[in-house]
Amino acid sequence: MWSLQNLLFIICRVIHVTGYVGREVNVSCSYDEGYESYEKYLCNNDCGDSDLLITTSHSSKNKYRIHDDKTSRIFTTTISDLHSVDAGKYWCGVTIFGIDIYTEVELKLVPDSCCDTVTKVQSYEGYSESVSCPYESQYHNSLKYICRGNRPSTCLQQALITSDTKQNGRFRLDDDKMSGTFTVTINSLTQNDSGSYLCGVQRNSDVDVFSAVELEVEEWCCVKSTTINGTAGYPLTLQCPYPRQYRHNSKFLCKGDHRNNCTKMAVSQRRFTLQDNATSSSFMMKITALEADDAGTYWCGTDSQWGVGNYTKIELSVFLQHTRKIPDAALYVVYTVPPVLLLMCLLVTVYKNRCSRVNEADDTMSRNTPKEKNIEEVMGAAESGVRKLKCKALSEFYA
Ligand SMILES: *[C@@H]1O[C@H](CO)[C@@H](O)[C@H](O)[C@H]1NC(C)=O
Ligand SMILES: *[C@@H]1O[C@H](CO)[C@@H](O)[C@H](O)[C@H]1NC(C)=O
Ligand SMILES: *[C@@H]1O[C@H](CO)[C@@H](O)[C@H](O)[C@H]1NC(C)=O
Ligand SMILES: *[C@@H]1O[C@H](CO)[C@@H](O)[C@H](O)[C@H]1NC(C)=O
Ligand SMILES: *[C@@H]1O[C@H](CO)[C@@H](O)[C@H](O)[C@H]1NC(C)=O
Ligand SMILES: *[C@@H]1O[C@H](CO)[C@@H](O)[C@H](O)[C@H]1NC(C)=O
């Protein structure tokens, strides 16, 4: 009855199904109106009597289960405990008088692991880190998600966040459709966040697409340096984590090429605000509008007396957004000099604040250093003598 050799014709449609080795797969076949009450089955090889795997008359047999949804006219066979030998050709059949109706099914099996290439991301306790997941342009509107581990088959089910949610606790997902990349940002990292992650893109007609990421979160004590790129005119936050047990210590942030003689940042400046967050064991320096002169090396920690391994070193680069549009040097001066002067004068004010604090706190700074000389020292970073003079003049004005 089921023998294919007797067939005069086969409905020439092939259903492609992909399953994961070790998991289960659903093989769904539709049928035409009028066949609702007929028996359905799945068979392989020649569909002889011995090739019959399961029929709707006995809906469960060995590793096969079958369910006939008569409303949508689709019957689904679930094959569980998939092994590589299960891959290959199957037939969905509807038993009718005479010649049965067949649909060809091609089952492909893929390993339930991913991937050949793994992107490594390194970060530190208390930091925020972003994981970039590129995808092909045809998946613009598909669901994106990320999960822990290395199992594609259960990834969506156990997703930490999907593009339907955008924010879920410490996780945020941003989908940049222009560049074909979605980014998952994890806040307040702990060492528990270390491990494998899978970025997934949902597909309707086939298994989802994945890329693998390995995140390594290091202990705070091992922080050595981070690099940050900022854009002039835009706000920026410098993050400085510290070990929880030192949360009551004073915090510091200073600027300079060398830790031992860097200049402390005064948070009294209007552009800078310092925000301590004992919960996440970190403090943040927020700069409202970045200026070119903010570029440089910063150091932060909770006690300036600590050994070198206990600081965070931040190297900040500042990029001008519209460098190409500036036509000549004259315009450059117009746009650039006033903020520079302003910054320098702020620095002078800061330096004075610092001076008085340092004098109160310790004696490493000489009290006898002439004021003028101090100002010049602060200005040491400036390239132009003219600017130096102007600033000095202004500082006298402020004094
Ligand atoms: C197969 O279908 C059943 C019933 O709709 C569903 O519960 C199960 O998750 C499906 N399995 C797979 C691997 O899609
Ligand atoms: C890290 O994970 C372990 C087990 O997975 C858990 O017991 C522990 O509380 C977690 N620690 C933090 C800080 O979340
Ligand atoms: C910063 O910019 C430089 C030069 O454009 C680039 O090489 C570097 O990768 C950037 N770093 C970060 C952290 O974006
Ligand atoms: C800061 O310290 C470094 C290393 O000790 C030294 O090379 C550098 O000249 C010092 N800079 C100033 C301005 O004192
Ligand atoms: C401090 O950090 C915790 C944990 O990351 C966060 O929930 C909270 O909003 C933060 N508080 C402030 C004031 O930023
Ligand atoms: C960090 O500071 C603590 C306390 O002073 C010290 O015991 C530890 O050795 C320091 N860590 C490093 C890597 O220097």
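Bear in mind that the values here come from a model prediction, so they are computed numbers and not experimental data. The figures that follow rest on heavy atoms only: side chains count, while hydrogens, waters and symmetry mates do not. Counting starts at 1 for both ligands and their atoms, in listed order.
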Under 4.0 Å between heavy atoms, the region of R23 that gets near ligand 1 turns out to be neither
- Query: Are any of the side-chain nitrogens in K120 or E216 under 4.0 Å away from the carboxylate oxygens of its partner?
  - Reply: no
Atom 13 (C) of ligand 1 sits nearest the protein heavy atom E24 O, 3.4 Å
- Message: What I want to know is whether N26 and ligand 1 share at least one N or O pair that is separated by under 3.5 angstrom.
- Response: yes
Atom 4 (C) of ligand 3 sits nearest the protein heavy atom F319 CZ, 4.0 Å
| query | Distance below 4.0 Å between atom 2 (O) of ligand 3 and any protein heavy atom? | reply | yes
From atom 11 (N) of ligand 1, is the closest protein heavy-atom distance below 4.0 Å?
yes
Between V131 and V213, the two heavy atoms sitting closest are CG1-CG2, 3.5 Å
CZ of R23 to OG of S153, rounded to nearest 0.5 Å, is 3.5 Å
Counting from 1 in the order shown, the ligand 3 atoms closer than 4.0 Å to a non-hydrogen atom of T227 are 13 (C)
Q) Once the angle between the rings of Y31 and F75 is folded into 0 to 90°, is it parallel (under 30°), tilted (30 to 60°) or perpendicular (over 60°)? A) tilted
*Below 4.0 angstrom, N of the basic side chain to O of the carboxylate: do D174 and K166 qualify?*
no
Atoms of ligand 3 under 4.0 Å from any heavy atom of N229, numbered from 1 in the order shown, are 1 (C), 2 (O), 3 (C), 8 (C), 10 (C), 11 (N), 12 (C), 14 (O)
Does any non-hydrogen side-chain atom of E218 lie less than 4.5 Å from one of Q122? yes
